[in-house]
Protein chains: 2
Amino acid sequence: MNHDSAPSATVTALRIRRTETLATLVRKELERMIVSGELKAGDRLNESALADRLGVSRGPIREACRGLEQSRLVEVVVNRGTFVRQISLQDALDIYDVRSALFGVAGEALARRITPSQLALLSDLVERMSRAADDIDAYYPLNVEYHAKLVEFSGNVRLMTTYRSLAQELHLFRRRGLVSEGSMAVSNREHRAILDALAKHDSARAGTLMREHILAGKKRLMNLVEAKAEAAPDPPRRRRRTAAGGSASA
Amino acid sequence: MNHDSAPSATVTALRIRRTETLATLVRKELERMIVSGELKAGDRLNESALADRLGVSRGPIREACRGLEQSRLVEVVVNRGTFVRQISLQDALDIYDVRSALFGVAGEALARRITPSQLALLSDLVERMSRAADDIDAYYPLNVEYHAKLVEFSGNVRLMTTYRSLAQELHLFRRRGLVSEGSMAVSNREHRAILDALAKHDSARAGTLMREHILAGKKRLMNLVEAKAEAAPDPPRRRRRTAAGGSASA
DNA sequence: GATCTGAAAACTGTTGACAGTTCTTCGGGC
DNA sequence: GCCCGAAGAACTGTCAACAGTTTTCAGATC
């Protein structure tokens, strides 16, 4: 009854249209723009301009912004607009602490239930990271995928969504370049150790290692920030015109 | 210039209006209705009806729903509406695991920075809970406040918001009565132990105790569910007409 | 009585317009 | 040169209406 073979572009469009509302599509597009850096922290989202650009009216745009507000990617100021959120170093460090705890639980759960095929997949990722150890552009996406898979395989849906949301928020960190730097070889050694604990179904050890892996990342970030601060002592941060300013965040 | 004394209702309304948009007010009202149980899991949110009832148009209602969707209190199905989410026992248990991890981090951080006045406040809450040990209606809100304060005092904003969101989601658990039951005396003994560790600034112990406190709550819930299941063996869950049904939750 | 069908009702998705607020700009005064 | 203020532009908040989809329900059919 159902011809699944190669749906035409229009059919695909219709199928999307049937399961996704414009607001959802807009939200995803904005998410992409924010995470990719196309929209920078502090930028305002001009509703009319976005509406024109995406070929929709302002309604769906506003709905999308409300969603983004709740997932903390933007901040809405009454009568002034919605701004891409700006998170401080302290915010970033706080997020690392939370992520570390979540990653730890993921490890404990995963060690109990991991399957051979999942192990193989993770092992493959570690292997590829090892080969890409001196090419950050190849390494980075593999690293992201490795972490995402570890959380996904834990089987705890709520854990996964929470973790993903935090990871996405970290993209807002203004000096994001820092996040991906850090010694890749050391990091991958930790990846191997995690894999080993998982293979042995050692729940406690996997949890500890995964918790510490994130905390090590936090440490690396702190060291980098300190180093940079010494090299170029605190450029006077120019006040943005946006009300979204200040990193106090309530 | 500014007469602060007893602002009239209209002034208050205007002041609110200046800092809160209708969508925000609607979202808060809907949140209240959901958490209070006025809107039950599975119920549909009729946009026109709500608009009439709250005296606004459908725009702000829709925006509010998008926010609620992102915080996982409702589920939106294209062309059919938004439904109050229904979470399964498994979902609830998953949430307990995540909460436990977050609560643990909160404990570690809090033990390092807790102030005498914060200790006094927490101690007072435990004392009052102890006196209310056989009156669940008095005990329950104190218990909620105690947990909230522990997280709030941790000083990690992101941790607080994440924790709060999960706690709110737990209200959706269909057999929510169960959550508040459980041996209050035992629970308060744990509260005292936590307080003790915090007073001694014993970070590791506070973290462990707080983690285990939530896991103990999870255990209590599981035992209760099992007990009830034996008493009244699994009533055939009637399929709701709503598409939101099924607890598989992707 | 149960089931199918199709029209009407109810509801969601989206849009364009209007009201009120904020931002910009351009003179004028010091 | 710098500050202040008012008019205009730009933008957000809200609404009412239209289009398309889902649900309901009365009547026909078996």
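A, B, ... follow the sequence lines: proteins, then strands. Residue 1 opens every chain.
With sequence neighbours excluded, the residues satisfying salt bridge (charged side-chain N to carboxylate O under 4.0 Å, His left out) with B:Arg53 are B:Glu38. Judged as a side chain to side chain contact (heavy atoms under 4.5 Å, CB included), and not counting sequence neighbours, the contacts of B:Glu47 are B:Arg58, B:Ile61, B:Arg62. Partners of B:Glu29 according to the salt bridge (charged side-chain N to carboxylate O under 4.0 Å, His left out) rule, which considers only residues two or more places apart in sequence or in another chain, are B:Arg32. Every ring-ring contact (aromatic ring centres under 6.0 Å, His included) that A:Tyr163 has, sequence neighbours left out, goes to A:Phe103. Evaluation of the salt bridge (charged side-chain N to carboxylate O under 4.0 Å, His left out) rule for B:Arg27 yields B:Glu31 as partners, not counting sequence neighbours. The salt bridge (charged side-chain N to carboxylate O under 4.0 Å, His left out) search around A:Arg113 returns none, not counting sequence neighbours. For the side chain to side chain contact (heavy atoms under 4.5 Å, CB included) test, residues two or more places apart in sequence or in another chain that qualify with B:Gln118 are B:Leu110, B:Ile114, B:Thr115, B:Phe153.
Rounded to whole angstrom, the span from the CD atom of A:Glu69 across to the P atom of D:dT12 amounts to 14 Å. To the nearest angstrom, P of C:dG13 lies 13 Å from CD1 of B:Ile61. As a whole-Å value, the separation of B:Arg62 CZ from C:dC11 P is 14 Å. The separation between A:Glu20 atom CD and D:dG20 atom P is 21 Å, rounded to whole Å.
In this model, the phosphate group of C:dT12 is not approached by any side-chain N or O of A:Thr21 to a distance below 4.0 Å at OP1 or OP2.
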For nucleotides 15-21 of chain C, print each protein N/O atom paired with a nucleotide N/O atom at under 3.5 Å, atom names and distance only.
| unit_1 | atom_1 | unit_2 | atom_2 | d |
| --- | --- | --- | --- | --- |
| C:dT15 | OP2 | A:Ser57 | N | 2.8 |
| C:dT15 | OP2 | A:Ser57 | OG | 2.8 |

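For the segment residues 45-54 of chain A, residues with any heavy atom less than 4.0 angstrom from an atom of DNA chain D are, sorted by number, A:Leu45, A:Asn46, A:Glu47, A:Ser48.
The side chain of B:Glu63 has D:dT14 as its nearest neighbour among D:dT23, C:dC11, D:dT14.
A pairwise comparison of heavy atoms in A:Val84 and A:Leu172 identifies CG1-CD2, 3.8 Å as the closest pair.
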